There are 2 protein chains.
Amino acid sequence: MRLSTNATAPIGMSSTPRTAKRASEARSPLAAPPRMSDVAALAGVSKMTVSRVLAGRGVAAATRERVQRAIDQLGYVADAAAGALSSGRSAFAAVLVPSLASSNFSDTVRGLTAALEPHGLQLLIGDTDYDLEREERLVRSMLRHQPRCIALTGAQHTSATRELLVRAGVPVVEMWDLPALPIDAAVGFSNAKAAREMVRYLAGRGYRRIGFIGGASELDRRGLERLKGYRQEVKAQGMSERVVRLGDSPITMRHGAPALDALLQRWPDTDAVMCVSDMSAFGAIMQCRRRGLSVPADIAVAGFGNFEVAECCTPTITTISVDAYGIGTRTGETLLAALRENDGANGMPRRAMSTRTPARNSVKIDYTVIARESA
Amino acid sequence: MRLSTNATAPIGMSSTPRTAKRASEARSPLAAPPRMSDVAALAGVSKMTVSRVLAGRGVAAATRERVQRAIDQLGYVADAAAGALSSGRSAFAAVLVPSLASSNFSDTVRGLTAALEPHGLQLLIGDTDYDLEREERLVRSMLRHQPRCIALTGAQHTSATRELLVRAGVPVVEMWDLPALPIDAAVGFSNAKAAREMVRYLAGRGYRRIGFIGGASELDRRGLERLKGYRQEVKAQGMSERVVRLGDSPITMRHGAPALDALLQRWPDTDAVMCVSDMSAFGAIMQCRRRGLSVPADIAVAGFGNFEVAECCTPTITTISVDAYGIGTRTGETLLAALRENDGANGMPRRAMSTRTPARNSVKIDYTVIARESA
DNA sequence: TTGAAAGCGGTACCAG
DNA sequence: CTGGTACCGCTTTCAA
């Protein structure tokens with residue numbers, strides 16, 4: 001295969017001589033694409049008028065129509081890079097999530113898209129794979145595109161990332177958590193408190209020997225917070241903790257079976273299992289079936305996240321519902337408000353939110369225990 | 001909420017006077033970010049030398065180090081828009097998938113990322129939501145960023161989309177299908193043939209009254225192809241068809257229960273169900289449990305896609321395995337090869353693949369029936 | 001309402 | 001190996 005020789009060389013280092021760019025002017029698919037000046041010439045106006053038509057500013061109706069016809073005729077598409085360079089304002093918004101494969105985060109991205117796209121912002125989406133170094137690399141690479149604003153996941157970042165983000169001087173929102181010291185603003189909830197609530201729910205149902213299964217990675221802060229909340233509440237209730245930590249994030253369905261096995265091996269009399277995610281809870285329930293255990297009669301199982309599988313599984317899975325899509329839309333709205341504020345005021349460019357409104361930049365997202373059949 | 005007054009106005013129409021851009025030169029987070037000329041001045045070289053250091057071209061080691069120090073000291077981040085404009089070459093690759101929430105497609109995106117990122121290409125990701133008009137809008141909007149290459153899903157597009165794509169003059173790959181007339185190149189498989197294979201498998205296991213459950217939408221071409229394959233093979237086997245079409249794409253777990261109910265109501269003696277997706281198959285199996293039907297003893301269920309749930313469900317789900325991640329990496333490799341070819345040759349810019357190598361631009365992706373417990 | 005000129009921040013090209 | 005200059009395609013600014 002052609003690629004094997006030089007599989008990671010940068011693409012496009014060879015080049016076309018500047019003067020040859022418009023070499024093939026013949027009307028073929030290979031002809032250089034039309035420029036704004038081409039449109040202007042065809043419509044018999046100046047570039048500026050074309051620019052104004054595109055931006056929807058004040059242009060006489062007749063002129064505007066003539067220009068629009070020329071645009072359509074040539075199939076003109078404006079060059080965003082040129083526009084961004086000239087105006088000093090890109091049309092990008094950057095988003096970073098730990099894993100696009102997790103429906104949780106893809107819902108958040110969809111929510112962000114829904115909020116930002118109508119305002120002409122194009123998302124630059126990055127998948128950090130729960131790796132802070134990778135997050136840093138992605139931030140660096142996205143910053144090259146001068147995004148108007150940035151959304152990222154969690155409160156945990158390398159110090160270089162924080163530095164980059166602050167220096168970027170654009171609104172930043174941290175999602176899915178409520179950091180003690182946000183870089184700029186946050187849209188999320190306390191994963192620890194949510195987990196405590198689940199333990200209280202289970203205790204209220206009479207379960208006293210409650211286990212927790214989660215991932216082994218120290219990088220999944222939200223998972224760790226949930227574990228922390230479990231520990232706090234178990235202690236508060238005077239119960240003893242039973243924790244199994246196993247496997248990498250993202251936690252998938254495959255996680256549940258071995259984790260359940262490990263838990264029951266160590267603490268055979270466990271009467272309820274709280275899982276770091278619905279994915280894991282589902283895997284655990286399926287494993288219960290294989291072991292001939294009935295859920296919840298023999299053992300109760302609870303999840304986190306209210307994924308679709310929690311609703312569709314038999315038994316249906318008791319879980320904590322978090323509005324992932326809403327986190328996206330709220331984040332989008334928060335960023336837009338900050339952009340307006342920066343923009344409207346004294347014209348100081350690229351100001352972060354925190355310089356203006358230090359405090360009330362945290363949006364708290366609701367969550368609720370959804371009581372279903374499994375617990 | 002502040003946004004309610006003007007929820008969809010474009011952002012950033014007010015502006016900062018050009019001359020004020022560097023108004024606050026004080027060393028604060030509000031100072032204008034450093035430019036290449038600043039780096040050059042600090043290092044005592046010309047901009048060109050800085051540019052060469054960044055590009056990793058031939059620069060004397062001592063000079064390079066000096067420049068690098070200046071870069072680090074200033075925290076300089078090159079502006080991608082300026083670079084793209086000047087060189088006539090962006091660092092973007094565009095991808096369009098029907099739904100980011102589907103693990104199938106998010107895996108493909110991950111594969112693409114893995115293939116393209118090492119070459120310095122930044123993905124522009126778009127979610128068409130199974131809507132061809134939306135796809136067209138997204139293509140138009142992405143084209144403004146002059147992507148070096150484009151990957152999109154399926155063979156079905158509006159004629160305007162095809163026109164835009166051809167005129168863009170960059171390599172284009174259609175994924176997840178093998179169109180009779182690809183725009184440029186394709187990486188996929190025949191969904192119809194794969195479905196036929198599943199019917200043959202079920203027939204081979206002795207099932208004769210095989211139903212099909214799928215979505216009602218005409219927009220999900222891959223779903224329709226699977227249905228077509230089912231119909232062809234059922235006919236070939238001398239069986240009669242039993243088809244239920246229900247609900248929108250993407251098909252989720254919620255689809256399975258009502259679809260199974262509808263199928264059994266109309267054809268109560270059905271002995272096997274083939275589902276358009278594992279999601280649906282899972283929902284159907286859970287519904288079987290609720291109805292007191294044992295799988296596969298009372299009724300067999302098969303899925304499509306080899307999603308994680310197919311492996312973790314009890315019973316495990318018989319399905320067709322498709323390497324979604326591999327579709328992404330193969331697509332990436334195909335695009336990279338085309339970029340190299342364009343680039344290396346006569347320097348004609350922005351040439352599509354098909355102008356070179358009309359035929360062998362289709363990469364066929366393997367699939368296999370995975371026999372598990374459910375059928 | 002429209003146009004002309006300047007320049008955004010880099011890279012190509014050629015000369016030294 | 002390094003620097004000077006022109007210029008990428010668009011928007012800003014200011015004048016008409």
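Worth knowing before you read on, the calculation uses all heavy atoms, side chains too, and leaves out hydrogens, waters and symmetry mates. In what follows, every chain begins at residue 1, and chains take the letters A, B, ... in the order their sequences are listed. Not measured: the values here are computed from a predicted model.
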Problem - Geometric class of the A:Phe92/B:Phe92 ring pair [parallel <30°, tilted 30-60°, perpendicular >60°] - result: tilted

Problem - By salt bridge (charged side-chain N to carboxylate O under 4.0 Å, His left out) - contacts of B:Arg140 (at least two apart) - result: B:Glu136

Problem - Nearest-Å distance for atom pair CG/P, residues B:Asp38 and C:dG9 - result: 9 Å

Handout entry: Distance, rounded to the nearest Å, where A:Leu85 contributes CG and C:dG10 contributes P
Key = 9 Å

Practice task
Measure the distance from CZ on B:Arg144 to C1' on D:dG9 and round it to the nearest whole Å.
Solution key: 12 Å

Practice task
Check whether the side chain of B:Ser87 and the base of C:dG10 form a donor-acceptor pair under 3.5 Å.
Solution key: no

Exercise for the section: Starting at atom CE of B:Met36, determine the distance to atom P of C:dC8, rounded to an integer number of angstrom. Expected result: 15 Å

Practice task
Using only side-chain N and O atoms of B:Arg57, determine if any of them is under 4.0 Å from OP1 or OP2 of C:dA12.
Solution key: yes

Problem - side-chain N/O B:Ser86 vs C:dG9 OP1/OP2, d < 4.0 Å - result: no

Problem - Point-to-point distance, once rounded to the nearest 0.5 Å, from CG of A:Leu112 to CG of A:Leu335 - result: 7.0 Å

Problem - Whole-Å gap separating P (D:dT11) and CZ (A:Arg35) - result: 13 Å

Can you name the atoms? Protein N/O to nucleotides 1-3 of chain C N/O, anything below 3.5 Å, with the distance.
| residue | atom | partner | partner atom | Å |
| --- | --- | --- | --- | --- |
| C:dT2 | OP1 | A:Thr63 | OG1 | 2.4 |
| C:dT2 | OP2 | A:Ala60 | N | 2.9 |
| C:dG3 | OP2 | A:Ser46 | N | 3.0 |
| C:dG3 | OP2 | A:Ser46 | OG | 3.0 |
| C:dG3 | OP2 | A:Thr49 | OG1 | 2.4 |
| C:dG3 | N7 | A:Arg52 | NH1 | 3.3 |
| C:dG3 | O6 | A:Arg52 | NH2 | 2.6 |

Handout entry: Short side-chain N/O contact from A:Arg89 to OP1 or OP2 of D:dT12, under 4.0 Å
Key = yes

Practice task
State which residues pass side-chain contact (heavy atoms from CB on, under 4.5 Å) with A:Met36; sequence neighbours excluded, sorted by chain then number.
Solution key: A:Lys47, A:Val50, A:Ser51, A:Leu54, A:Tyr76

Exercise for the section: Using a heavy-atom cut-off of under 4.0 Å over every strand shown, decide if A:Ala78 touches base, sugar-phosphate, or nothing. Expected result: sugar-phosphate

Problem - Selected nucleotide, minimal atom distance to A:Tyr76 side chain, candidates D:dC8, D:dT11, D:dC10 - result: D:dC10

Handout entry: With sequence neighbours excluded, residues passing side chain to side chain donor-acceptor pair (under 3.5 Å) with B:Asp79
Key = A:Gln146

Practice task
May I have all residue pairs that pass salt bridge (Lys or Arg N to Asp or Glu O under 4.0 Å) and include part of residues 62-72 of chain B, sequence neighbours excluded?
Solution key: none

Handout entry: Set of residues satisfying salt bridge (charged side-chain N to carboxylate O under 4.0 Å, His left out) with respect to B:Arg134, sequence neighbours excluded
Key = A:Glu117

